[in-house]
Amino acid sequence: MSSGRFDWSATPLGPAERWSDELRSAVATALGRPPTPPPTPTSTPSDTGNRDSADPLTPSVILDALFGAAPLGIGVWDRDMRFVRVNATLAAMNGLTEDEHAGRRPADVLPDIECLDQVLERWRHILATGEPSLDVEVRGRTPAVPDDERVWVEQFFPIRAGADIVGIGGVVADVTEGRRVEEALRASEALFRQFAAASSDIIWIRNTATSEFEFLSPAVARLFGGAAGDVNGAYEWLKAVVPEDREMAAAAMSQVRAGHSVVHDYRVRIPGSGKIRWLRNTAFPLRDDQGMIRRIGGIVQDVTDERDAAQRLTVLIGELQHRSRNVMGVVQAMVETTLATSTGLDDFADTFGARMVTLARVQNLLSRLDGLERIAFDELLRCELSTIGARPEDDPRVTLDGPERVPLRSGGIQTLALAIHELMTNSLKYGALSQPDARLHIHWGLTLPTGGGRARLHIDWRETGVTMRAAASERIGQGRELIEHALPYQLHARTTFALTDDGVHCHIDLPVSHVASRATGS
C-alpha cells in the first residue's frame with residue numbers, strides 16, 4: 001500500500017513514513033485491499049531481533065486496537081460513499097452499532113443531519129482531486145440523541161492504494177458542549193455590551209498589569225466627548241481629576257488592586273468646556289479561576305446633579321427653619337403689640353384676627369414657591385389690596401406705579417406684609433380708602449448696588465385729599481409702631497412715617513434678594 005500521495009499527518013494515524021509494517025497492513029485490510037508486502041529490511045538481524053510469523057502484533061490486532069481505543073470518532077467510506085467501518089466512538093455518537101453502519105449510505109444512517117448534501121459534495125471533491133477537507137462543521141440529530149441537536153467538527157481525507165483513491169477517511173469530534181459554551185459566552189457578551197451601551201453610567205475594565213482599559217462603555221464618550229474607542233489612548237483618567245482629588249482617587253485604585261471594593265467621589269474637569277463634574281466610582285477587583293486579580297472594574301456615575309440637589313435641600317431646610325423662627329417671632333410681636341394698643345378683649349380679637357389672616361396669606365404665597373423662588377413685591381401688594389377690593393382695576397382711587405417681579409427676601413417678609421396690612425386697614429377706616437374724593441398712590445422703585453451689597457427697594461405710600469379726623473391719629477399709632485420699629489429691626493429697613501393734613505405719607509427703603517437685578521432685567 002502506498003501512502004506517498006496523501007499527507008497522513010492530518011489524520012490520527014500520523015505521517016505515513018512513521019508507520020510500522022503491521023499498521024500499513026492493517027489499513028490496507030480495513031480498506032479491503034490485500035496487505036502490501038513489507039519493505040526489504042535494511043537492518044541487521046541484531047537490529048530486528050527474532051521476530052517471526054508467530055508475532056502476536058498482527059495487522060488485525062493493531063487495527064482493532066486503533067479503532068477501539070481512539071477517543072475520537074473514526075470512519076472509513078468507499079468510493080460509493082458507503083460505510084466500510086466505524087470505530088466504537090463514532091458508532092456511539094450515531095446511536096447505531098458498528099455493524100449497522102457497514103454498507104449503508106450516510107443518508108440511510110443519519111437522515112437528520114443538516115446540509116448532508118454539502119458534506120457529500122465535499123467527499124466527491126476529495127475523490128476527484130485527492131484534496132482533504134478539514135474542519136468541516138456539521139450539525140444535526142442522530143438516533144443516539146434524537147431530541148438534541150449536536151455539533152461535530154470533522155476532518156475528511158482521501159485513502160489511497162498506490163495511485164488510486166480507494167476511499168475516504170474521517171475523524172469526527174463532538175464539539176456540541178464547547179459550541180454551546182461559546183455561544184453562551186457570545187450571547188452573554190452581546191447582552192453585556194447592550195446593557196453597557198444603554199447605561200448612562202460608565203462601565204470600565206482595566207488590566208492590572210498594563211493599566212490599559214480593556215473595556216469602556218459608550219457613556220464615557222458622552223461625558224468626556226469623542227468616540228469611546230479612542231478614549232483608551234487619549235483619555236488619561238487621573239489627569240482629568242482635579243488636582244485636589246487626585247491623591248485620594250489614586251489611593252482608592254491602589255486599594256482595589258489590593259483586593260478591596262471601594263466607593264469614592266471625585267471631581268473631573270471636562271475637556272473643552274472646562275466644567276467640573278462630580279463622579280462616583282464603585283470599583284472592585286476581578287479575580288481569575290486561581291483567585292488572582294488580573295483585572296479591576298467599576299461603574300462610574302455622574303452625581304453632580306445629585307450633589308447639587310442635596311446641597312439645595314440643605315439650603316431649603318435652613319430656609320424653612322429660618323422662616324419658622326420668623327413666623328414665631330412675628331406672632332409673638334403681634335400678640336404683644338396688639339395687647340398694648342387694644343382697648344378691650346373684643347378690640348384685641350378683631351385686630352389680632354385680621355393680622356393673623358394677613359400672616360396666613362403670606363404663608364400661602366410662600367408655600368406655592370418652588371425651591372428658592374422669591375415672592376415679588378407687586379404680587380404681595382396686589383394680594384393684600386385684593387382682600388379689600390382696592391386694586392386699581394377695582395377702585396379708581398388707587399394708583400400703582402413700579403416695576404414687576406422685584407423679588408423680596410423671604411426672611412421677614414411677614415413683617416413687611418403686616419406693615420402693608422396696617423397701612424391699608426388705616427386707609428380703609430380713616431384715610432384715602434374711606435373717602436370718595438381722596439386718592440392713594442403707591443410707587444416703588446429699585447436701586448441697584450454699585451460697589452457690592454444688595455439692591456434696595458423704595459416704597460412710597462402717599463394719600464391725598466383726605467379729611468383727617470381726630471380718631472385717626474390714635475388708631476394709626478398701631479401701624480406706625482410696626483413700621484418705625486419692627487421693619488428696621490427685622491429687615492434692616494429705613495422708614496419714615498408722616499401724618500399730613502391730607503393723609504398718610506410713608507416711605508420704606510429695604511434690601512431685597514440678590515437676584516433682584518436679574519429678575520427685573522437690569
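The first residue of the sequence shown is numbered 1, and numbering continues consecutively from there. Owing to the predicted nature of the structure, the values given are computational and were not obtained by experimental measurement.
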Between [X] and [Y], a side-chain donor and acceptor under 3.5 Å:
X: T208; Y: R257; value: no
X: N207; Y: E212; value: no
X: H443; Y: D401; value: yes
X: H505; Y: R462; value: yes

* **Other residues, nucleotides, ligands: >12 heavy atoms within 6.0 Å of M248 CE** =>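 Enclosed.
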May I ask you to decide if [Y]'s main-chain N or O and [X]'s side chain share a donor-acceptor pair within less than 3.5 Å?
X: T176; Y: V151; result: yes
X: T399; Y: I442; result: no
X: E154; Y: V136; result: no
X: S133; Y: R122; result: no
X: R480; Y: F497; result: yes

* **Spacing of C506 atom SG and N426 atom CG [to the nearest 0.5 Å]** =>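 Rounded to the nearest 0.5 Å, the SG-CG separation comes out at 11.0 Å.
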* **Centroid-centroid distance, F215 to W204, less than 6.0 Å** =>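 For F215 and W204, the ring centres are not under 6.0 Å apart.
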* Asked: At their closest point, which heavy atom of L72 faces which heavy atom of A173, and how far apart are they?
  -> CD2-CB, 3.9 Å
* Asked: Any cation-pi pair here, R206 with F213, using under 6.0 Å and within 45°?
  -> yes
Thinking salt bridges, do [X] and [Y] make one under a 4.0 Å N-O criterion?
X: R382; Y: E384; answer: no
X: R141; Y: E114; answer: no
X: D265; Y: R307; answer: yes

* Applying the side-chain hydrogen bond (donor to acceptor under 3.5 Å, both in side chains) test to T447, which of R456, R454, H458 qualifies? ->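 It is H458, the one option of R456, R454, H458 that forms the side-chain hydrogen bond (donor to acceptor under 3.5 Å, both in side chains) with T447.
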* Among residues two or more places apart or on two chains, list those pairs meeting side chain to side chain donor-acceptor pair (under 3.5 Å) that have a residue in residues 493-503. =>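 Of all non-adjacent pairs touching residues 493-503, those that pass side chain to side chain donor-acceptor pair (under 3.5 Å) are R494-D509, T500-D502.
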* Structure fact -> Quick note, side chain to side chain donor-acceptor pair (under 3.5 Å) partners involving residues 240-256, not counting sequence neighbours, are D245-R267
* Asked: Do I299 and I202 come within less than 4.5 Å of each other through their side chains, counting heavy atoms only?
  -> no
* **With D148 via side-chain hydrogen bond (donor to acceptor under 3.5 Å, both in side chains) - residues at least two apart** => R150, R180
* Take R179 and E183 through the salt bridge (charged side-chain N to carboxylate O under 4.0 Å, His left out) test and state the conclusion after the steps. => CA-CA 6 Å; R179 286 290 190 270; E183 291 173 1; over 6 Å; no
